[in-house]
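Order of the sequence lines sets the chain letters (A, B, ...), proteins ahead of strands, with each chain counted from 1.
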2 protein chains.
Amino acid sequence: MASEMIIDHREKANALLKADADKILKLIKVQMDNLTMPQCPLYEEVLDTQMFGLSREIDFAVRLGLIEDRVGKAILDELERELSALHEASQKK
Amino acid sequence: MASEMIIDHREKANALLKADADKILKLIKVQMDNLTMPQCPLYEEVLDTQMFGLSREIDFAVRLGLIEDRVGKAILDELERELSALHEASQKK
């Protein structure tokens, strides 16, 4: 049971980080659809703040040994790719 | 051994968060001593960013079940108390 709990911490850390990345993507999507343009400084600021928060969580999980460094980088890279795609799509409208 | 690893994750999470809080305190101390005044907007921005980063780490550790909610709040409260004391001391100079 104890070793299941360790796996659980690792899996939970992974799931939480991916859910947080997904939350940022949704927040930015809502913002693009309804509130402000990507050129707006507020948009940049919200995005920067959220990305900083996520990167601090990832860094913390890596330092705790709950996720590997490359996995943390992959989560951030994937989010950045999705944000770029979203940004491009909004400019084609 | 497996249960020792769980305790280790909890202890490590606690130690990392306290070390990060301490790092913020030292950063602000250096900034007060050498760079800018507490009234400077840059000082406020650095502090806000650092506090936000730490609160995200704490929130993440709480969601992972590695620290209790009240312990996380206590780390932030303690840091705020120390920052206030530092701020007051700098104004008496």
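No donor-acceptor distance shorter than 3.5 angstrom exists from the side chain of B/Lys12 to the backbone of A/Gly65, with no hydrogens or angles considered.
Across every non-hydrogen atom of A/Ala61 and B/Phe60, the tightest pair is CB-CE2, 3.8 Å.
For residues 49-59 of chain A, a heavy-atom distance under 4.5 Å to chain B picks out A/Thr49, A/Gln50, A/Phe52, A/Gly53, A/Leu54, A/Arg56, A/Glu57, given by residue number.
Using a 4.5 Å heavy-atom cutoff, the side chains of A/Leu64 and B/Arg10 are not in contact.
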